[in-house]
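Letters A, B, ... are given to chains in the order of the sequence lines, protein chains preceding strands, and every chain is numbered from 1.
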Protein chains: 2
Amino acid sequence: MGRDALTVPLIAARAGVTPSTVYRRWGDLRELLSDVAVERLRPDGAPADHGSLRADLEAWAVQFAEEMSSTAGRTYIRDALLGDPEQGNAVRCSDYAAEQLKAIGVRAAGRGEAVPDVETLLDVVVAPLMYRILFRPSDLSAAYTDRLVATVLGRSSAPPTPKS
Amino acid sequence: MGRDALTVPLIAARAGVTPSTVYRRWGDLRELLSDVAVERLRPDGAPADHGSLRADLEAWAVQFAEEMSSTAGRTYIRDALLGDPEQGNAVRCSDYAAEQLKAIGVRAAGRGEAVPDVETLLDVVVAPLMYRILFRPSDLSAAYTDRLVATVLGRSSAPPTPKS
DNA sequence: AGCTTAACGCGAAGAAGTTGCGTCTCGGTC
DNA sequence: GACCGAGACGCAACTTCTTCGCGTTAAGCT
């Protein structure tokens, strides 16, 4: 069935309940889709270990870019952003990325590597990717993501203001 | 009247036409709001001249952050993003920022200053601001925007890959 | 066992979205 | 100057979604 032809009565029928139940629980189709989107955007597991901070970040960024820039990914992002005016679901999406980056950072620190702040990673790697996905149809090639990672690694790797 | 209580029949009545006319022309309330949002997000005029590239960028970034992070601004951004699956309106918003940055850059070049690439400015200054506005409720203080500007000015100011 | 609370189904009423048809106006053409 | 085609709009009927009150059921607690 069509994605944008989705309606609350259809979902209710599929779920075996009446539409009023769905309306009472979620109040709106957008809120429901927003919750669904957040669930779909949740990362599967811990980011893969490639042996070095740079390799981990590059691999993660490439995968992130691919998933988020796909048609399905962009739909989920838009749904997540739209359905919740309180930004709760948007924050959740950002937290997913932050958690993954945090895990990569902890692992790198275990290897003795200098690790950039998560906030810095969000600003330098995630934000440009997301901005381009949402606002500009551009190529998010591995070369581009690698450049972003190189930027953040070439910079002050241990900022004086740790977050935790 | 309530912002989210807006409906096509209301708009049609205000415009003195029948709802079917509005539906035929825009097809959807979201598309209409998207077009309205883009119009509202259009910058008023050329960015102010403060005598130096750094001052111009800082002033522009602060104003941009204030406007976009306000309740009205975020609503417009969301409307613009949401109403157009083809991303045409989102691209338009990004182009607005790019044009402003371009103007600042041209002016700085006229002064003999080294000017960062517009793409770089978008990645380093605009993207983090927009990402935080959309995904993270954080303070977009002047200190933060200044730090973003300092980052982009401290970096390679004339990348080897000019865009135009 | 009896009570409270929350959730659901049901059905009606209201509002929004959709469509086909007729009319009008604006161009261009003979 | 009259005719004709295209596009846009109003009108109205129809479908679908959305909301709401009421009665019922099931779960948890005393």
Spacing of [X] atom [atom1] relative to [N] atom [atom2], expressed in whole Å:
{"X": "A/L10", "N": "D/dT16", "atom1": "CG", "atom2": "P", "result": "11 Å"}
{"X": "A/W26", "N": "D/dT19", "atom1": "CH2", "atom2": "P", "result": "15 Å"}
{"X": "B/R30", "N": "C/dG17", "atom1": "CZ", "atom2": "C1'", "result": "13 Å"}
{"X": "B/E31", "N": "C/dT18", "atom1": "CD", "atom2": "P", "result": "10 Å"}
{"X": "B/I11", "N": "C/dG17", "atom1": "CD1", "atom2": "C1'", "result": "14 Å"}
{"X": "A/L6", "N": "D/dT16", "atom1": "CG", "atom2": "P", "result": "16 Å"}
{"X": "B/L29", "N": "C/dT18", "atom1": "CG", "atom2": "P", "result": "11 Å"}
{"X": "A/Y23", "N": "C/dG14", "atom1": "OH", "atom2": "P", "result": "18 Å"}

Q: Mark yes or no for a side-chain to base donor-acceptor pair under 3.5 Å between B/S20 and D/dC9, with no hydrogen or angle criteria applied.
A: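 By the distance-only test, no, there is no pair.
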Within the pair [X] and [N], is there a side-chain N or O less than 4.0 Å away from OP1 or OP2?
{"X": "B/T7", "N": "C/dA16", "answer": "yes"}
{"X": "A/T18", "N": "C/dG9", "answer": "yes"}
{"X": "B/R24", "N": "D/dG10", "answer": "no"}
{"X": "A/T21", "N": "C/dG9", "answer": "yes"}

**Q.** Sidechain N-carboxylate O distance under 4.0 Å for A/R136, B/E119
**A.** yes
Q) Taking 4.0 angstrom as the limit, do B/D49 and B/R111 come out as a salt bridge? A)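 Yes, B/D49 and B/R111 are salt-bridged.
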Q: Look at the side chain of A/R25 and decide which nucleotide, out of C/dC8, C/dC10, D/dT18, has an atom nearest to it.
A: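 Among the listed nucleotides, the one closest to the side chain of A/R25 is C/dC8.
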Q. With B/L57, which of B/L101, B/V125, B/T145 fulfils side-chain contact (heavy atoms from CB on, under 4.5 Å)?
A. B/L101
Q. Just one of B/L29, B/D84, B/D28, B/L81 clears the side-chain contact (heavy atoms from CB on, under 4.5 Å) bar with B/S34, so which one?
A.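 Testing each of B/L29, B/D84, B/D28, B/L81 against B/S34, the sole residue satisfying side-chain contact (heavy atoms from CB on, under 4.5 Å) is B/D84.
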Q: Using the side-chain contact (heavy atoms from CB on, under 4.5 Å) rule, take A/L121 and A/W60 through it: C-alpha gap first, then chi angles, then the decisive distance, then the call.
A: CA-CA 12 Å; A/L121 286 170; A/W60 181 86; over 6 Å; no
